[in-house]
Amino acid sequence: MQKICVRQALAGQTGFHTSSDLAPLGHLLPQGEKGLSRRALLASSLALAACGQTEAAPTLAATPLKSIAPFPIGTAAMAGQFDDPAWVDLALTHVSQLTPEWEMKMEYILDRPGRYRWDAPDRIADFCTAHELRLHGHALIWYSQGADQFAGLDRPAFITGFDDYIAAVASRYRGRVVGWDVVNEAVAEDGNGLRDCHWSAVLGQDGYIARAFELAKSADPDAILFLNDYNLENNPTKGATFLRLVERLLKAGVPVGGLGTQSHLDIEIPAGQTTAFIREAAAFGLPIHVSELDASLRSDGRIDTRSRQTRLNQQTARVAELAEAFVALPAAQRYGFTVWGLRDTDSWLRRDARDDGKDSPLLFDASGRPNPMFGAVSAALS
Ligand code: 9MR
């Protein structure tokens with residue numbers, strides 16, 4: 001746990017900030033597994049990596065992802081990580097885009113309506129400029145944030161605070177962000193309908209979403225404006241509700257410009273489910289962002305007889321399917337393929353109290369060596 005605490009201190013982060021941190025884990029669905037279908041070279045490299053013999057990682061695994069991907073490869077980032085040379089080296093080798101993991105959210109930026117904190121988000125934006133990385137803004141309006149800062153405001157003050165926040169943040173980073181997650185996680189946890197929250201209570205369920213997009217458009221007309229959500233592949237009901245919301249918003253003329261699927265993948269979902277969702281989402285013709293990919297091996301307390309190797313096989317199969325579905329999109333729709341952290345020890349999942357220190361949900365292990373999942377992604381991209 002020592003390393004995790006050091007990392008959080010580095011990042012100025014105390015761990016979980018909101019109850020929604022754990023929400024993307026609520027996704028245990030029917031079992032299914034697709035066998036790995038990788039080339040012989042890759043298959044042997046995966047086996048080596050899975051056995052922990054990562055020092056024998058093959059040349060293919062070491063190839064910088066950004067050099068083989070014909071679209072941006074992204075990672076979540078926290079400003080404190082810029083002081084960690086190993087993180088910086090890994091990031092600059094493999095990725096071409098950053099998403100602030102939490103410091104461009106209301107929880108960081110907004111003390112109370114009208115009072116903003118810009119130090120960390122500015123640092124992330126400056127890092128992107130200095131290293132010629134694309135910056136993806138995350139997230140303007142989220143059901144899980146802002147309740148405290150907006151508590152007690154009357155309706156006019158609430159609406160002014162909502163409008164001013166979006167205008168202030170989106171205009172500050174105008175010309176620097178390529179896109180914004182304008183509304184994050186609007187769909188209800190079980191996928192039936194939309195969430196009720198402090199924003200919807202005042203502005204209506206579709207109302208707060210539409211208003212946020214309009215305001216973001218005025219503040220930064222060139223940014224691609226995303227609706228972003230999770231469990232869209234894991235839970236087909238939720239995926240369908242998300243797509244119906246997109247359809248409704250577009251019909252109403254709301255400037256939704258892209259669709260973000262977080263892809264905190266449930267490694268037990270049936271083969272084909274991820275591809276089906278990506279294809280349906282792509283039918284709108286909008287850019288698609290795989291915005292927060294990780295794939296936990298954890299069983300979360302239930303009786304689970306799967307071996308670690310079985311889980312790794314499930315994980316690499318599901319991640320390969322996602323990457324292949326993304327690669328198959330028309331070039332103009334491939335906004336970016338973003339992982340939610342680089343090393344396993346960077347993952348929010350490893351900061352969870354239930355973590356046993358063994359989960360391996362990301363591309364690299366604690367030392368920055370490629371995990372089997374790296375092989376799956378790199379094979380799909382090549
Ligand atoms: O990984 C993020 C964690 O460090 C933050 O404490 C938390 C609250 O800001 O948000 C986590 O990222 C979430 C993302 O913003 C939206 N989708 C779910 C992610 C994991 O909870």
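When a ligand or atom number is given, it counts from 1 through the structure's own listing order. Residue indices begin at 1 and follow the sequence shown.
Using a 4.0 Å heavy-atom cutoff, H138 is listed among the residues neighbouring ligand 1.
Near Q145, meaning under 4.0 Å from any of its heavy atoms, are these atoms of ligand 1: 9 (O). Remark: ligand 1 atoms within the under-4.0 Å shell around heavy atoms of E185 are 16 (C), 17 (N), 18 (C). Near Q262, meaning under 4.0 Å from any of its heavy atoms, are these atoms of ligand 1: 16 (C), 17 (N), 18 (C). Close approach to W102 involves these atoms of ligand 1, each under 4.0 Å from a residue heavy atom: 9 (O).
Using a 4.5 Å heavy-atom threshold, the side chains of R308 and K358 count as touching.
For atom 11 (C) of ligand 1, the nearest non-hydrogen atom from the set E292, M106, K105 comes from K105.
In this pair, W348 and H264 present their aromatic rings perpendicular. The plane angle is above 60°, beyond the 30 to 60° band.
For the pair R351 and ligand 1, the shortest N or O to N or O distance falls below 3.5 Å. For ligand 1, the polar-atom distance check finds no N/O of N184 at less than 3.5 Å from any of the ligand's N/O atoms.
In this view, T275 and E321 satisfy the side-chain hydrogen bond (donor to acceptor under 3.5 Å, both in side chains) rule, not counting sequence neighbours.
Both V169 and I166 belong to a single network of hydrophobic side chains, linked directly or stepwise wherever heavy atoms of I, L, V, M, F, W or Y lie under 4.5 Å apart.
The backbone N or O of D344 sits nowhere less than 3.5 Å from a side-chain atom of S347 that would complete a donor-acceptor pair.
Using a 4.0 Å cut-off between charged side-chain N and carboxylate O, D304 and R311 make a salt bridge.
With a heavy-atom cut-off of 4.0 Å, Y230 does not touch ligand 1 at all.
With H136 as the fixed residue, the ring-ring contact (aromatic ring centres under 6.0 Å, His included) test singles out one of W180, Y173, Y335: Y335.
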